[in-house]
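What follows is one structure encoded as structure tokens, with my remarks underneath.
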Amino acid sequence: MVWERARPPEEGCPKLSRHFLKAPVPRSVRTRGGPIILAMPAPSGDSRRVPSSVLSRIRCAADFRNLSQEECRQLASEIRDFLVEKVSLTGGHLGPNLGVVELTLALHRVYDSPTDQIVFDTGHQTYVHKILTGRADQFATLRQAGGLSGYPSRSESPHDLVENSHASTGLSYALGLSQAKRRRAEPGKVVVVVGDGSLTGGMAYEALNNIGALRPDLTIVLNDNGRSYAPTVGGLADHFARLRLDPRYEAAKSGIGGFLSAIPAVGEPAHEMAKRLKTGMKQLVAPHVFFEDLGIKYSGPIDGHDQRSIEGALNLANRLPGPVVVHVVTEKGHGFLPAEADEVDKFHGAPPFNITTGKPTGQSRVSYTDVFEEVLLQLAEDDPKLVAITAAMASSTGLLKFAERYPDRFYDVGIAEQHAVTFAAGLAMGGLHPVVCIYSTFLQRAFDQVICDVGLHNLPVTFILDRAGVTGPDGSSHHGMFDLSYLRMVPNMVVATPKDAQELGRLVATATGHQGPFAIRYPRGPVAERVIDIRPLPSLTWELVREGGRDVLICAAGKMVAVAENAATLLAASGVSASVVNARFIKPTDRRLATWARAHRAVVTVEDNTRRGGLGASVLEFLAEQGVVRPVRQVALPDQFLPHGAQGELLAEYGLTAEGVAEAAVLALESSAEAHPDQARAVG
């Protein structure tokens, strides 16, 4: 995409594809320790006018680079108010963004984006960045179809570089960008914001090791909100941070070292003594010498809500050659009492909520995650070998109650999915049965470990994949639309997906009694009925849920079974008979499929997975192996990354509705009438 810079509306402000609209001051929400205050601009002529809004005057970074410190503080307060108001209506990652207001302001006052390239890791902490780069007017559409993405989006703005929601990747991106700038002699700096737990992932340490070797001119901002490093903030630490980043200190340190080394006989020992003294002092004032041992200069910790201090540290870091870490300590949820009081995740991913109380405004319904949580607790009572593992997502994968009841059987490994899987393999080798609970999209990061560490050894590890299929507002990186494909290809792996809550319980019970790898994926969202059933299934077979004649056989997976049954009803009203199969095991394929297919004129497969390699592909492969010649039409997600939007809207767009499946069945029957009797056809 090519971005044009038109004549700026104000000096220094590039005109982007979308503009920041001037607006009245949004509702203010609180002062620390005080009551919630709702403040709106007073009517014209009112003697009680509130101070003029700074936020309404900001259209781009050039508008706030010359603000006074008092105006910056007011702007930070207004941004927090704005975020609380907007996210209360749409839902989103509120807590992380409330914590980075001053940090993001400092970044955009010091760096000239997009000439200076700013990478955010993780990407969900970019709401303030979006506000400051001309997108505040779009926040009413946050995470809605066709609206503002909840993550950086290259199609939205040239200020967004990486569409990353998966953590621990930013350092690698930033290193690559810095090397590209160097080789192409391009202007500008590269800075990466590493935060919200992303430094717990192994990939970050691989990048740090490489950064230490290449020594690029790169600024690494460690946004520490308690999920990674968290030392005490103090005046002495700030003093030494400023001292170590001052070029005069670097020059003096090198000069003294050279002088001591030049002293005959005692020079080398004196130099070594000075190095030991320096190391001891660093360990006393800033314990995280890890970075400097890698050859990366370290500054901090710095108060992440003191914008002036952050700017000072960033400016000093930019004057030094090589990589520099600026360690900033922030508070997740800062400035909004309900978020600060939330002990679980500080409003990390908040649904729409009431600003005054912080309580969700939508109707609370029982989800698949809730059912799994209860099922695992019941199974664990009778099986002491069951242990649970998560990658920093205990609450959202339904493991909080398990952790409370069985703390010695619960493991949170941080944002380290690869380690989680191989750790589970070791536990299984030792005689336990680990249950690994990870979002579908995040298990992709451990694909090699699933194959070689679990599959190769045929170990009894159960994978629970939450948020499978179309997840909705979190967008392309979060849709769990590849799991059926990549798991089906792993030898020894059983891949299952339940049609409802009752079947979820039975599948989990089956998996935890299985002596090999077993993956269960289920969608985000409510269940029709909360039924807890922990009876294992007698065999790994499919279920014929509707036997309806000789026209069409519909094979559906997971939540699509209900859609297929409704489609069969629609078809019956049009004189088309349809049978429906619950293909609850994507692997293994039920061998009765050959008999069922021969009894019908056409076959339709339905799944909320990509059409490449999932249920439809397995049906085509099996029928070809068995010599069954029937038209097969796939109803599935397209071979592309999907945008964000409401789950129902996206499913409807790609034909995953009763009407869409019925239409596919009619097309398959038309193909059947046209097909040569000895020619197999895959349609759609």
Side-chain angles (χ1 to χ4, degrees), residues 368 440-441 443-444 465-472 479-490 493-500 503-504 507 519-525 540-546 552-568 578-590 593 596-597 602-623 631-642 647-648 650-665 667-668 682-684:
Y368 278 92
S440 168
T441 185
L443 188 63
Q444 295 164 190
L465 281 64
D466 205 326
R467 270 67 164 182
V470 173
T471 56
H479 294 308
M481 54 183 284
F482 306 108
D483 49 20
L484 299 183
S485 303
Y486 72 77
L487 288 172
R488 192 173 71 87
M489 65 180 288
V490 180
M493 180 72 72
V494 174
V495 185
T497 178
K499 68 177 181 180
D500 55 25
E503 191 162 75
L504 171 59
L507 285 173
I520 303 170
R521 57 98 81 167
Y522 53 80
R524 176 182 189 174
L540 306 182
T541 55
W542 293 1
E543 177 189 22
L544 184 62
V545 295
R546 175 171 177 148
V552 182
L553 175 69
I554 305 176
C555 300
K559 65 181 292 182
M560 293 295 109
V561 173
V563 173
E565 290 186 272
N566 291 336
S579 299
V580 177
V581 170
N582 170 21
R584 56 191 170 199
F585 292 103
I586 308 303
K587 183 180 180 180
T589 301
D590 193 320
L593 173 61
W596 290 332
V603 177
V604 174
T605 64
V606 191
E607 61 190 306
D608 54 347
N609 185 79
T610 177
R611 63 189 305 107
R612 307 300 181 199
L615 172 64
S618 70
V619 168
L620 281 165
E621 292 166 8
F622 181 81
L623 293 181
V632 177
R633 189 167 188 90
Q634 295 175 260
V635 182
L637 298 174
D639 182 22
Q640 65 189 56
F641 292 104
L642 305 186
Q647 192 179 84
L650 290 174
L651 291 173
E653 182 175 348
Y654 300 110
L656 288 163
T657 60
E659 293 78 10
V661 173
E663 181 181 357
L667 292 173
V683 189

Checking [X] now: which residues fulfil side-chain hydrogen bond (donor to acceptor under 3.5 Å, both in side chains) with it, not counting sequence neighbours?
X	value
D500	none
T441	H166
T497	none

Has [X] got a side-chain atom pairing as donor or acceptor with [Y]'s backbone, closer than 3.5 angstrom?
X	Y	value
W542	T589	no
R521	G480	yes
Q647	R524	yes
K587	V490	yes
E543	R584	no

In Å, rounded to the nearest 0.5 Å, how long is the span from [atom1] of [X] to [atom2] of [Y]?
X	Y	atom1	atom2	result
D466	L443	CG	CG	12.0 Å
N582	D590	CG	CG	10.5 Å
D639	S485	CG	OG	9.5 Å

All salt bridge (Lys or Arg N to Asp or Glu O under 4.0 Å) counterparts of K559, not counting sequence neighbours: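 None.
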Sequence neighbours excluded, which residues qualify as salt bridge (Lys or Arg N to Asp or Glu O under 4.0 Å) partners of R467?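 Once residues adjacent in sequence are excluded, R467 has no partner under the salt bridge (Lys or Arg N to Asp or Glu O under 4.0 Å) criterion.
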For the pair F641 and F482, name the ring-plane relationship: parallel under 30°, tilted 30 to 60°, perpendicular over 60°.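 The rings of F641 and F482 stand perpendicular, inter-plane angle above 60°.
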Would you give me the side-chain donor-acceptor pairs under 3.5 Å for residues 653-661, sequence neighbours excluded?
unit_1 : atom_1 : unit_2 : atom_2 : d
T657   : OG1    : G660   : N      : 3.1

Does this structure show an ion pair linking R488 with E621, if we count only N-O contacts that are shorter than 4.0 Å?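 Salt bridge present between R488 and E621.
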Contact summary for N609 and G614, nearest pair of heavy atoms: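 Looking at all heavy atoms of both residues, the closest pair is ND2-CA, 3.8 Å.
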If you draw a 6.0 Å radius around CD in E663, do more than 12 non-hydrogen atoms from other residues or ligands fall strictly inside?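 Check fails, neighbour count at 12 or below.
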